[in-house]
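When a ligand or atom number is given, it counts from 1 through the structure's own listing order.
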Amino acid sequence: MCSRKARYYMPHARLLKQNRPPLNLPPAAGEAGPRLARVISRDGHPISRSRISPDALRVLYRLKEAGYQAFLVGGCVRDLMIGIEPKDFDVATDALPEEVRRLFRNCRLVGRRFRLAHVFFGQDIIEVATFRASAAPPPGDEPAPDIDDDGEAFEEAQEPLESDAPIDRMVDEHGRILRDNVYGSIDEDVWRRDFTANSLYYNIADFSVWDYCGGFEDVQARRLRLIGDPETRYREDPVRMLRAARFEAKLGFDIDAATAEPIAALSGLLAGVPPARLFDETLKLFLTGHGVRSYEVLRARGLLEVLLPNVGAFVRRHPGSAPERLLLRGLANTDERVRADRPVTPTYLFALLLYGPIGLEIEKMPRERWSDVGSILDAVEAAVRDLYGRVSIPRRFSLGVRDMFALQPRLEAPRGKRALRTLEHPRFRAAFDLLQLRAEFNMADPAIVDWWQRLQQSDPQQRASMSDALAREPGGEGAGGRNGGGRRRRRRGGRRSRGPGGA
Ligand code: ATP
Ligand code: MG
């Protein structure tokens, strides 16, 4: 895998590799399985080396020169075929992890149950996996690595291994696989893949593409088809339902009827997936440039209510409500930021997603307490807690959501010098963005947004005089007053009386 940008979602995407994908079960006795690849030579496919990351090419060539097989595999081959820039480059080889390490100075082995080699090129990592035979560990059992405030992985999360760690398969008393480093060949490895479109191998030896499962035609037809029996594949790993939705959203592929059909009946299985893994999947769905489409697909496939139950329940009960429109606008803004290569954060995402549920929590309280910071904090806490059993939001992000909501009353009624301090708050920018969205959907006063906008654009002297002017106004609160705020403030109260959920 190659993560090229030091943006939040890129390093995190790197970490998601810790939640290893499981392997599909190998073909049952008597079941015809893919055995021989169809080899599509260079002139039969559009993949050009000029579009492959130079770091990935370096790894592929080094492996090949050392006498090993070396392939690009998975989503990068699929993406190169349809002309989009791959998010990461994964390499598959017959070299054992230790052999890979010996070839690269800048390499370390990670993952206890599913050993992989990470080859480092500055910020970038190319993930090199040895072909696996048959089954794999259950997904997501390893705790998700922690992430620091900037979204970077703590170094120890990479879990470097001792060189003499045993290579074996371990099973606990319930048959659960604890460790699986049983290596195989490429025609066994293909069974670990989920969709045919994700099972193509690009061979650096002659630039051909190897296709065991009909993935080549499926990519050309933009069709998403699970390898093997769909129900079995979803039962093995329910996250594949979310992956189907994500690829449908991201690539615009059609989910094949047989692959789509079991989702409605089996979506409940997602409840058994570790919440840390579902947190990772949520970020992949919403923070990689196609959040609006992901939302639409999740809703259409009945997956939103399973992945984010309180969000799903809210929009089912309040379709088209101001909080849902705020969420969609916020997701569209986030998609734009990703496209412009600007950083995005889970804090802001969860503030958007939980806006409706938080509003409902506030509405449970007596109306006169709706603007109290204490009520707001309680409501955020309740909404996050509701989600926690399904999607565990790391604390640093849920605290960020709290700050964003707790700052709203301060933003709506700025006071003298305190307004200047608010400007310095680490969550000011995110909270202000939320205020702007709220105003757009008639849930906050646009005049206040203007005032903060002007304050931010002012130099320190102007800022001081703006805050002094606030302090001088009757009641000491003047942003609204300056703009005819007494009246507006009452009107805002009027809006509020419709409930903070605005539903
Ligand atoms: P993208 O990187 O664009 O999100 P991808 O298909 O490359 O998509 P990754 O999560 O990077 O997805 O996984 C790389 C490959 O590993 C996949 O293409 C697929 O072959 C395999 N894989 C990943 N997750 C699973 C899973 N849950 N079940 C089976 N195979 C999987
Ligand atoms: Mg990938």
Novice: Assess whether side chain to side chain donor-acceptor pair (under 3.5 Å) is satisfied between Ser185 and Asp187, documenting all intermediate values.
Specialist: CA-CA 5 Å; Ser185 57; Asp187 59 355; 2.5 Å; yes
Novice: May I ask you to list the atoms of ligand 1 that are less than 4.0 angstrom from any heavy atom of Asp88?
Specialist: 2 (O), 11 (O)
Novice: Do the non-hydrogen side-chain atoms of Asp94 and Ile186 ever get within less than 4.5 Å of each other?
Specialist: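 When only atoms from C-beta onward are counted, Ile186 and Asp94 do not touch, as no gap falls below 4.5 Å.
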Novice: Should one rank Lys284, Arg78, Lys87 by closest heavy-atom distance to atom 2 (O) of ligand 1, which comes out on top?
Specialist: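 Looking at heavy atoms only, Lys87 sits closest to atom 2 (O) of ligand 1.
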Novice: Can you tell me the N, O or S atom of Asp88 that's nearest the Mg ion (ligand 2)?
Specialist: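 Closest N, O or S atom of Asp88 to the Mg ion (ligand 2): OD1.
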Novice: When you look for heavy atoms under 4.0 Å from ligand 1, do you find them on the side chain of Asp237, its backbone, both, or neither?
Specialist: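 Side chain only; the backbone of Asp237 stays clear of ligand 1.
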Novice: Give the C-alpha distance, both sets of side-chain angles, the deciding distance and a yes or no for salt bridge (Lys or Arg N to Asp or Glu O under 4.0 Å) between Arg277 and Asp280.
Specialist: CA-CA 5 Å; Arg277 188 168 180 221; Asp280 293 343; over 6 Å; no
Novice: For Asp254, give me all partners under side chain to side chain donor-acceptor pair (under 3.5 Å), at least two apart in sequence or on another chain.
Specialist: none
Novice: May I ask you to decide if Ile47's main-chain N or O and Arg42's side chain share a donor-acceptor pair within less than 3.5 Å?
Specialist: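 Here the side-chain-to-backbone pair exists.
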Novice: For ligand 1, indicate whether the residue Thr288 contacts it via side chain, backbone, both or neither (heavy-atom separation under 4.0 Å).
Specialist: neither
Novice: Going by the atom numbers of ligand 1, which of them fall below 4.0 Å from some non-hydrogen atom of Gly74?
Specialist: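 Those qualifying, in numeric order: 18 (O).
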Novice: Give the contacting part of Val73 toward ligand 1: side chain, backbone, both or neither, where contact means a heavy-atom distance below 4.0 Å.
Specialist: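 For Val73, no heavy atom sits under 4.0 Å from ligand 1.
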Novice: Give a yes/no on ligand 1: does Arg277 have at least one heavy atom closer than 4.0 angstrom to it?
Specialist: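 Yes; Arg277 lies near enough to ligand 1 that a heavy-atom distance drops under 4.0 Å.
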Novice: Ligand 1 versus Phe195, non-hydrogen atoms closer than 4.0 Å: side chain, backbone, both, neither?
Specialist: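 No part of Phe195 comes within reach of ligand 1.
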Novice: Looking only at heavy atoms, is any part of Glu127 under 4.0 Å from ligand 1, and if so is it the side chain, the backbone, or both, or is it neither?
Specialist: neither
Novice: Would Glu231 and Arg235 satisfy salt bridge (Lys or Arg N to Asp or Glu O under 4.0 Å), going step by step from the backbone distance to the final call?
Specialist: CA-CA 6 Å; Glu231 181 169 342; Arg235 286 189 183 281; 3.0 Å; yes
Novice: For atom 22 (N) of ligand 1, state which one of Arg193, Arg243, Arg240 supplies the nearest heavy atom.
Specialist: Arg243
Novice: Could you list the atoms of ligand 1 found under 4.0 angstrom from a heavy atom of Arg192?
Specialist: 29 (C), 30 (N)
Novice: Please list, in number order, the atoms of ligand 1 under 4.0 Å from a heavy atom of Gly75.
Specialist: 5 (P), 6 (O), 7 (O), 18 (O)
Novice: Is any side-chain heavy atom of Tyr68 closer than 4.5 Å to one of Leu103?
Specialist: yes
Novice: Does the ring centre of Tyr355 sit less than 6.0 Å away from the ring centre of Phe405?
Specialist: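 So the answer is yes for these two rings.
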Novice: In the structure I gave you, are the side-chain heavy atoms of Ser294 and His290 within less than 4.5 Å of one another anywhere?
Specialist: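 Result yes, sub-4.5 Å side-chain heavy-atom pair found.
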Novice: With atoms numbered from 1 as shown, which atoms in ligand 1 lie under 4.0 angstrom from a non-hydrogen atom of Asp90?
Specialist: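 Matching atoms, with element in brackets: 11 (O), 14 (C).
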Novice: Do any heavy atoms of Lys250 fall under 4.0 Å from ligand 1?
Specialist: yes
Novice: Measuring from the heavy atoms of Val239, does anything fall under 4.0 Å of ligand 1?
Specialist: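 No.
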Novice: Do Met81 and Phe216 have side chains that approach each other closer than 4.5 Å (heavy atoms only, starting at C-beta)?
Specialist: yes
